[in-house]
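In the text below, chain A, chain B and the rest are named by the order of the sequence lines, each starting its count at 1. Being a predicted model, the structure only gives us computed values, none of them experimental.
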Protein chains: 2
Amino acid sequence: MKYIDKLRNSGLRPTKQRLQICEVLFNTQKTFHFTINELEQKIKNKVENKISLATIYNTVHAFEKKGYLKQIPVNSNQTYFDTNITDHHHFYNLKDGKLIDLENSDVGPINIKRKIDGKKIKSIEVLVKLED
Amino acid sequence: MKYIDKLRNSGLRPTKQRLQICEVLFNTQKTFHFTINELEQKIKNKVENKISLATIYNTVHAFEKKGYLKQIPVNSNQTYFDTNITDHHHFYNLKDGKLIDLENSDVGPINIKRKIDGKKIKSIEVLVKLED
DNA sequence: AATACAGTTTATAATGGTTCTAAACAACTG
DNA sequence: CAGTTGTTTAGAACCATTATAAACTGTATT
């Protein structure tokens, strides 16, 4: 149904596990940030059958490669992902390790004046660290 | 000599190992970026005696806490540090994992318009990912 | 519908960066 | 110099992530 075409169109077979993970990731009002650990918990709560941790890693990486998820650069021992794939930036609360979206209008345009020969800019990401 | 006071003034005993690591980190014309692994190699080359990996970790963390080093937020399995502790941003070359400093004048001022109650902004960091 | 093939899932092991441990050691104070 | 506290160290432990390889499933073909 909902996600089968999305997966097929990007060359990913719509397996039961992937469709279930799609439900958890994309069938929500709001986008959200997560670590693999947090996603594993969410899946445990929402999905009847067990999905192996390896599959969660595989799927998240597959979705990231296809552009359905973004990795957020943060200093942490865990990798943070975002289901909001639009260009935007983040607050990072050092106290609890939580991220908060910053709209582009909250930051203003960022104009990188310097160029590196033979290289293209793939992304520009602003991380604003918060403390008490 | 050179670094003894620096260390004493920040409440760190000027041990042989710390002074040697200071030489490697700070006794250079240019600032530089490094991972612990890279620093370990540099130390092996420049220092006669062996410094244990645990000491390298301890020292880097101590120096970071004192503000002599900065961590750079990058998505990588290794932590990146910078001996340039002034406010500035980075290019990140995805191909080889190398960082390049961006002067503030190359980016322009960044004005975060949104505020989070009860939180202060500790740092604002821009990461510009480069691809071919 | 049965078959074959390539893509997926899975439990488990392996990897590797980082942190912990606790014993030996070194810097400071009086 | 002696006592105390901070530091170094090798090695073990930790833990997020990746690799392995066997079982399984989706899909295209007949």
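- When rounded to the nearest whole Å, the span between NZ of K65(A) and P of dT18(D) equals 11 Å.
- When all heavy atoms are compared, the tightest approach of L25(B) to T83(B) is O-CG2, 3.7 Å.
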Base versus backbone protein contacts along nucleotides 5-17 of chain C [heavy-atom cut-off under 4.0 Å; B, S, -]: -BBSBBB-----S
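- Applying the 4.0 Å criterion to OP1 and OP2 of dT18(D), one finds that H61(A) has a side-chain N or O inside that range.
- Distance NZ/K44(B) to CD1/I56(B): 8.0 Å, rounded to 0.5 Å.
- Residue F81(A) contributes atom CZ, which lies 14 Å from atom P of dA16(D) at whole-angstrom precision.
- Per the geometry, CG belonging to L39(B) stands 14 Å off C1' belonging to dT18(C), to the nearest Å.
- Separation of atoms CD1 (I121(A)) and CD1 (I116(A)) is listed at 9.0 Å; rounding is to 0.5 Å.
- Remark: R8(B) is in phosphate contact with dC28(C), judged by side-chain N or O atoms under 4.0 Å from OP1 or OP2.
- Using the six-membered ring where Trp is involved, F26(B) and F63(B) have ring planes that are tilted, between 30° and 60° apart.
- Judged by distance alone, the side chain of E38(B) and the main-chain N or O of T35(B) form a donor-acceptor pair under 3.5 Å.
- Tested against K129(A) for a side chain to side chain contact (heavy atoms under 4.5 Å, CB included), the candidates K119(B), E125(B), K120(B) yield a single pass: E125(B).
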